[in-house]
2 protein chains.
Amino acid sequence: MYSGAMDTRERLIESTMELLWERGYVATSPKAIQRRAQAGQGSMYHHFTGKHDLALEAIRRSAEQVCAVAESYFTASGSAYERISAYLTRERDVLRGCRIGRLTQDPDIMADPELRRPLDETFGWMRKRLTETIACGQEQNEFDSDFDPGEIAAAIAATVQGGYVLSKAAGSEGPFNDTIRGMLRLLGSLKT
Amino acid sequence: MYSGAMDTRERLIESTMELLWERGYVATSPKAIQRRAQAGQGSMYHHFTGKHDLALEAIRRSAEQVCAVAESYFTASGSAYERISAYLTRERDVLRGCRIGRLTQDPDIMADPELRRPLDETFGWMRKRLTETIACGQEQNEFDSDFDPGEIAAAIAATVQGGYVLSKAAGSEGPFNDTIRGMLRLLGSLKT
DNA sequence: GTCTATAATCGGATAGAC
DNA sequence: GTCTATCCGATTATAGAC
């Protein structure tokens with residue numbers, strides 16, 4: 001039963017999710033997590049074996065969140081192009097970037113198969129769902145049939161991740177928005 | 001006059017460039033730099049005021065390198081599509097990713113305007129050169145004229161950066177290659 | 001479950017000898 | 001220019017009291 005206030009374990013997980021998003025794994029210390037969660041050392045080491053264990057839980061949850069948001073667009077009504085377009089143009093906190101994508105640049109995460117696995121699964125899933133959506137558009141003669149939907153799906157997923165990179169470098173949302181507009185124009189040219 | 005062996009200052013810079021590429025800024029310690037450069041503490045602090053100073057020099061040099069490589073493709077002979085295609089399909093160490101792009105995920109770099117500036121300049125320059133190349137293709141009637149070359153340029157630059165992200169997450173070069181093939185197919189559809 | 005104490009190691013640098 | 005000694009705070013825990 002939900003008691004209203006978040007319990008300590010939950011606050012630790014959510015604080016870790018935030019810090020991993022903002023700073024990544026190596027740059028996030030247990031102390032910083034405890035401060036944000038308003039929890040003491042003892043609490044953290046009672047609920048989790050250590051930083052690694054807590055981060056694993058936080059990463060898994062972030063991965064689920066990313067997929068759940070995307071899925072809500074892919075399963076919406078409308079043509080394939082419309083669904084992809086709605087996903088690409090959805091409101092985002094552009095300068096924060098992708099909770100999962102940013103972790104691919106963290107050396108300690110890449111060196112640990114357990115921590116990297118949710119990243120692999122997230123983008124594997126994302127490409128699969130985009131591929132299915134595009135293939136669906138091809139079957140319905142919405143799109144030409146002379147291209148590989150998996151390759152276009154990869155380009156779409158990459159565009160989002162790369163758009164974040166360009167925007168972060170610039171310190172502005174402009175490049176991300178340009179990137180998305182460019183990709184939508186390109187996708188439009190695949191229509192029959 | 002060039003004496004054959006690299007001097008200590010140079011070894012420090014190149015070691016830092018490598019470590020920033022492999023691990024980023026926060027995860028790279030002065031000690032690790034010294035070990036790789038085969039230089040002592042004293043040497044490092046003689047040639048540079050500290051980690052920040054050394055990293056700034058290393059980042060600037062990496063940025064120049066990235067631009068120099070790209071420029072060699074953009075100024076080559078051939079149609080606009082051919083030049084962009086050659087750039088996109090050039091040999092790369094995919095799983096290492098982009099020396100500059102990866103730094104956009106480093107909290108200490110993003111928090112320091114001096115360290116972030118070369119990132120901004122690199123991608124600003126990259127988008128500008130891609131835009132010029134595409135606009136050139138439009139003027140020559142190689143491409144349609146009904147799209148914004150700056151937006152397509154952003155999508156191309158983002159595709160490369162995002163392709164690295166997908167490949168790192170997967171631990172395989174496959175996603176990057178799919179991404180590039182997808183983008184080339186999309187660019188092909190802009191041809192007249 | 002949470003608290004405080006303790007600790008080994010690392011990070012990033014300074015100082016002064018040579 | 002390079003070396004060694006030294007410093008102080010942060011990191012990532014463990015131990016045991018409450």
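Atoms considered below: every heavy atom in the structure, side chains included; atoms not considered: hydrogens, waters and symmetry mates. Proteins get letters first, then strands, A, B, ... in listed order; numbering begins at 1 in each.
In this structure, the CZ atom of A:R11 is 8 Å from the P atom of C:dT2, given to the nearest Å. One atom, CG of B:D53, and another, P of C:dG12, lie 15 Å apart when rounded to the nearest Å.
Ionic pairing of A:R11 and A:E14 is not present here: no N-O contact between side-chain nitrogen and carboxylate oxygen is shorter than 4.0 angstrom. Salt bridge annotation for B:E10-B:R61: present, with a cationic side-chain nitrogen under 4.0 angstrom from a carboxylate oxygen.
Taking a 4.0 Å limit (strictly below) on heavy-atom distances, residues 104-111 of chain A does not reach DNA chain C anywhere. Heavy-atom distances under 4.0 Å link DNA chain C to B:T28, B:S29, B:P30, B:Q41, B:Y45, B:G50 of residues 28-50 of chain B, given in residue order. Contacts between residues 17-25 of chain A and DNA chain C, defined by a heavy-atom separation under 4.0 Å, are absent.
Heavy atoms from other residues, nucleotides or ligands lying under 6.0 Å from CZ of A:R36 number more than 12. Taking a 6.0 Å sphere around CZ of B:R117, one finds it holds 12 or fewer heavy atoms contributed by other residues, nucleotides or ligands. Counted within 6.0 Å of CD on A:Q38, heavy atoms from surrounding residues, nucleotides or ligands total 12 or fewer; the atom is thus considered open.
Between B:T8 and D:dT2 there is a side-chain N or O to OP1 or OP2 distance below 4.0 Å.
A distance-only check finds a donor-acceptor pair linking the side chain of A:R102 to the backbone of B:Q105 [under 3.5 Å]. Between the side chain of B:Q138 and the main chain of B:P149, no donor-acceptor pair closer than 3.5 Å is present.
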Next on the checklist: Let's go through A:I156 and A:L187 carefully: what are the C-alpha distance in whole Å and the side-chain angles of both, what is the deciding distance for side chain to side chain contact (heavy atoms under 4.5 Å, CB included) to 0.1 Å, and is it a yes or a no?
Outcome noted: CA-CA 9 Å; A:I156 293 170; A:L187 288 177; 3.9 Å; yes

Next on the checklist: Pair B:E151, A:L184 - check side chain to side chain contact (heavy atoms under 4.5 Å, CB included), show working.
Outcome noted: CA-CA 10 Å; B:E151 291 174 1; A:L184 287 174; over 6 Å; no

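Between B:F74 and B:W125, the ring planes lie tilted relative to each other; the angle falls in the 30° to 60° range.
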